[in-house]
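Just so we're on the same page: letters track the sequence lines, and every chain starts at 1.
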Amino acid sequence: DAGVTQSPTHLIKTRGQQVTLRCSPKSGHDTVSWYQQALGQGPQFIFQYYEEEERQRGNFPDRFSGHQFPNYSSELNVNALLLGDSALYLCASSLWGSGYTFGSGTRLTVV
Amino acid sequence: DAKTTQPTSMDCAEGRAANLPCNHSTISGNEYVYWYRQIHSQGPQYIIHGLKNNETNEMASLIITEDRKSSTLILPHATLRDTAVYYCIVSLYGNKLVFGAGTILRVKS
């Protein structure tokens, strides 16, 4: 049973560019959440998608947007990249109300 | 979401029980206590959660005080592979997880 799959695993972008990260949830899960983890810190909640709608959002600017598809997979888009956006981006899936399963993350480096 | 307080770091001898404390004095009646851990360069891993009663699974036990203001995660026989950052999180069921700094647990041989 595949867990949460994230792609790509590593990515290097230039300031001002746009990036799209992808997540496939664990089989049977219908809710996807995204987190940003800077080096040496705990993960910070970005937003959560359920039934293709954003249900909850953390304290992140509108440059961060997302989407959930009918097959429950999800994308995280970040526009106008800043150096400070360099981080590990984690996707977590759950069946609404249950415990979260995290992927291994996408390491984004902005230069 | 209620705030949690955990020690910055702890050491434990291999084979012994690791007891990780967490204070959550402002927890509300319908908030759960969740424990996750993160091994270097991996995503967080769910360990256990509970509301009022003590809970046990194949990984750990969770002891919640009667007033629910604190809890303890117990790893009964710690191994070197249990070295990780352990996060105690208080949240409504299904709600977002708010991670703090966690406790760095070092298991030593």
Side-chain angles (χ1 to χ4, degrees), chain A residues 2-7 9-10 21 23-26 29-51 53-60 64 66 76 87-109, chain B residues 1-9 20 22 24 30-51 55-62 64 71 73 81 83-106:
Chain A
V4 176
T5 304
Q6 292 188 243
S7 63
T9 55
H10 295 81
L21 310 181
C23 172
S24 292
K26 182 178 178 178
H29 285 183
D30 58 5
T31 303
V32 173
S33 302
W34 287 92
Y35 290 79
Q36 179 196 66
Q37 185 172 25
L39 204 59
Q41 299 182 20
Q44 301 298 306
F45 175 76
I46 303 175
F47 41 55
Q48 181 184 77
Y49 278 84
Y50 173 68
E51 293 186 335
E53 291 190 12
E54 183 181 291
R55 300 291 179 168
Q56 301 180 64
R57 189 179 181 92
N59 188 26
F60 279 80
F64 290 78
L76 164 66
L88 180 67
Y89 288 84
L90 295 161
C91 172
S93 73
S94 65
L95 184 60
W96 182 256
S98 69
Y100 292 88
T101 300
F102 282 81
S104 296
T106 294
R107 173 71 63 187
L108 173 65
T109 302
Chain B
D1 297 310
K3 181 179 170 59
T4 62
T5 303
Q6 300 179 249
T8 301
S9 64
L20 291 87
C22 179
H24 31 77
N30 55 352
E31 286 183 312
Y32 285 73
V33 179
Y34 293 87
W35 283 85
Y36 284 76
R37 73 180 182 183
Q38 189 171 24
I39 297 170
H40 184 62
S41 298
Q42 298 181 22
Q45 176 190 22
Y46 166 80
I47 301 173
I48 199 168
H49 75 281
L51 182 63
E55 302 288 343
T56 295
N57 62 22
E58 64 279 4
M59 289 183 66
S61 294
L62 173 61
I64 303 174
S71 61
L73 178 74
R81 288 192 301 269
T83 293
V85 179
Y86 286 76
Y87 297 100
C88 170
I89 300 166
V90 170
S91 181
L92 296 171
Y93 197 61
N95 206 25
K96 65 180 187 284
L97 301 176
V98 178
F99 288 82
T103 296
I104 299 170
L105 175 67
R106 300 185 188 90

Are the side chains of [Y] and [X] in contact, using a 4.5 Å heavy-atom criterion?
X	Y	result
B:Leu97	A:Phe102	yes
B:Gln42	A:Leu88	no
A:Phe45	B:Phe99	no

Quiz prompt | Closest non-hydrogen atom pair between A:Gly42 and B:Tyr87, with its separation | solution =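 Looking at all heavy atoms of both residues, the shortest contact is CA-OH, 3.6 Å.
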Quiz item: Which region of A:Gln44, side chain (C-beta onward) or backbone (N, CA, C, O), has a non-hydrogen atom less than 4.5 Å from a non-hydrogen atom of chain B, or is it both or neither?
Solution: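 The answer is the side chain of A:Gln44.
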Quiz item: Side chain, backbone, both or neither: which part of A:Tyr35 has an atom under 4.5 Å from a heavy atom of chain B?
Solution: side chain
Practice problem: Measure B:Tyr36 against the heavy atoms of chain A and call it side chain, backbone, both or neither at under 4.5 Å. | Solution: side chain
Quiz item: For A:Asn59, does the CG atom have more than 12 heavy-atom neighbours from other residues, nucleotides or ligands under 6.0 Å away?
Solution: no
Exercise. Could you walk me through whether B:Tyr34 and A:Tyr100 pass side-chain contact (heavy atoms from CB on, under 4.5 Å), step by step?
Key: CA-CA 10 Å; B:Tyr34 293 87; A:Tyr100 292 88; 5.9 Å; no
Quiz prompt | Top contributor to chain A interface from B:Gly102, B:Gly43, B:Pro44 [non-hydrogen pairs under 4.5 Å] | solution =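 Most heavy-atom pairs within the cutoff with chain A belong to B:Pro44.
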Quiz item: Please walk me through it: do A:Gln48 and B:Lys96 pass side-chain contact (heavy atoms from CB on, under 4.5 Å)?
Solution: CA-CA 8 Å; A:Gln48 181 184 77; B:Lys96 65 180 187 284; 5.5 Å; no
